[in-house]
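All remarks here apply to the structure that follows.
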Amino acid sequence: ALPIVAIIGRPNVGKSTLVNRLAGAREAIVYDQPGVTRDRTYQPAFWQDRDFMVVDTGGLVFDDDTEFLPHIREQAMLALAESKAAIFVVDGQEGPNESDREIASWLRQQAVPVVIAVNKCESEDQGLLQAADFWELGLGEPYAVSGIHGNGTGELLDALITHL
Ligand code: GDP
Ligand code: MG
């Protein structure tokens, strides 16, 4: 079976856009509405000589038990449990917030290696600065990327496949 890579992060950081980019979809279609991926969806991806499956998850929020959020949280946890590595997607334009810190603290307790993708960094100079803010999450080097434009994804994937 191919190794699975879980895409984790709070709502609207661009997880689904990044999944489509990494999966090399001909058009980067966000096939679900922003922030409302409820269940895990899988897409095949590859980088260099490695084939893997990317699993998109709903936006993870720990401190909100309204509506379908407990279900989404469970799906993200199930995705991580079956994954060889995870990409933790954060929003470089907004910077780190409390939800990111909660997710990071949970991820640090898991056995699965994590690579941080600081998304929405279309400007490469600014992206480096935006990414540096996420060192505080204690999960290693943050990689500036843009799921929409595609920049930075090579470095992100280089780091990712060292864990596969
Ligand atoms: P998800 O909820 O984490 O799956 O996020 P989506 O992929 O649905 O994207 C949420 C919103 O962020 C949408 O309005 C996207 O157009 C926007 N977005 C996603 N990726 C990027 C990016 O790389 N740059 C910018 N500027 N916006 C993005
Ligand atoms: Mg989504």
Side-chain angles (χ1 to χ4, degrees), residues 5-23 25 27-41 43 45 54-77 79-80 83 85-110 112-160 163:
V5 174
I7 310 298
I8 303 283
R10 63 185 168 83
N12 282 312
V13 292
K15 294 178 300 301
S16 298
T17 307
L18 189 62
V19 162
N20 285 320
R21 165 69 59 182
L22 298 183
E27 296 163 41
I29 297 164
V30 180
Y31 46 85
D32 52 337
Q33 290 179 348
V36 296
T37 312
R38 293 182 187 218
D39 296 301
R40 290 122 70 205
T41 59
Q43 291 193 63
V54 190
V55 51
D56 190 10
T57 65
L60 187 58
V61 180
F62 280 100
D63 61 359
D64 190 338
D65 283 322
T66 55
E67 269 193 274
F68 49 81
L69 284 166
H71 174 70
I72 289 179
R73 186 159 54 220
E74 189 189 337
Q75 292 296 316
M77 289 176 167
L80 192 71
S83 293
I87 297 176
F88 177 24
V89 187
V90 293
D91 186 326
Q93 293 183 356
E94 288 185 9
N97 73 8
E98 206 41 47
S99 292
D100 295 328
R101 291 185 193 98
E102 280 177 1
I103 295 168
S105 130
W106 170 64
L107 285 172
R108 287 196 307 267
Q109 293 164 48
Q110 313 303 309
V112 181
V114 175
V115 178
I116 303 186
V118 183
N119 195 36
K120 309 193 184 182
C121 290
E122 279 82 45
S123 150
E124 304 209 5
D125 290 348
Q126 230 184 316
L128 285 174
L129 288 173
Q130 289 164 332
D133 286 342
F134 290 89
W135 278 101
E136 70 154 88
L137 297 181
L139 288 162
E141 177 171 357
Y143 292 90
V145 303
S146 168
I148 285 185
H149 288 194
N151 55 278
T153 51
E155 286 90 340
L156 176 76
L157 289 169
D158 284 345
L160 177 74
H163 301 297

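As a basis for the values below, the full set of heavy atoms in this structure was taken, side chains included, without hydrogen atoms, waters or symmetry mates.
In this structure, Glu94 and Arg10 have side chains that are in contact, with non-hydrogen atoms separated by less than 4.5 Å. Between Phe62 and Ser99, every side-chain heavy-atom pair lies at or beyond the 4.5 Å cut-off. A 4.5 Å side-chain heavy-atom check between Asp91 and Lys120 finds at least one atom pair inside the cut-off. The shortest distance between side-chain heavy atoms of Leu137 and Leu107 does not fall below 4.5 Å. With contacts defined as side-chain heavy-atom distances shorter than 4.5 Å, the pair Asp56/Leu18 does not qualify.
Distance check: Leu156 CG to Arg21 CZ gives 12.5 Å after rounding to the nearest 0.5 Å. Between the CE atom in Met77 and the CD1 atom in Ile8 there is a gap of 9.0 Å [rounded to 0.5 Å]. To the nearest 0.5 Å, atom OG of residue Ser105 and atom CD of residue Gln110 are 9.5 Å apart. Separation of atoms CG (Asn97) and CD (Glu102) is listed at 9.0 Å; rounding is to 0.5 Å.
Considering all non-hydrogen atoms of both residues, Phe134 and Gly92 come closest at CE1-CA, 4.1 Å. Ala144 and Gly127 get closest at one heavy-atom pair: CB-O, 3.6 Å. Closest of all the heavy-atom pairs between Gly140 and Ile116 is O-CD1, 4.4 Å. Taking all atoms of both residues into account, the shortest heavy-atom contact from Asp133 to Pro96 is O-CG, 3.5 Å. The shortest heavy-atom contact between His163 and Ala85 is CB-CB, 4.1 Å.
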*asked:* If you apply the rule side-chain hydrogen bond (donor to acceptor under 3.5 Å, both in side chains), what do you find for Glu122 with Ser146, and how did you get there?
replied: CA-CA 5 Å; Glu122 279 82 45; Ser146 168; 2.7 Å; yes
*asked:* For Tyr143 and Leu160: C-alpha separation, side-chain torsions, deciding distance, then whether side chain to side chain contact (heavy atoms under 4.5 Å, CB included) applies.
replied: CA-CA 11 Å; Tyr143 292 90; Leu160 177 74; over 6 Å; no
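Between the Asn151 side chain and the Cys121 main chain, a donor and an acceptor come within less than 3.5 Å of each other. In this structure a side-chain-to-backbone donor-acceptor pair under 3.5 Å is missing from Asn20 to Thr17. Under the 3.5 Å distance criterion, the side-chain polar atoms of Gln43 are left unmatched by any main-chain donor or acceptor of Ala23.
For Val112, the side chain to side chain contact (heavy atoms under 4.5 Å, CB included) test picks out Leu80, Ala86, with sequence neighbours left out. Under the salt bridge (Lys or Arg N to Asp or Glu O under 4.0 Å) criterion, Arg101 pairs with Glu98, Glu136, sequence neighbours left out. Remark: Ser83 engages no residue in a side-chain hydrogen bond (donor to acceptor under 3.5 Å, both in side chains) (not counting sequence neighbours).
Just one of Val118, Leu60, Ile103, Val115 meets the side-chain contact (heavy atoms from CB on, under 4.5 Å) condition when paired with Phe88; it is Ile103. No option in Val13, Val55, Val19 other than Val19 meets the side-chain contact (heavy atoms from CB on, under 4.5 Å) test with Ile7.
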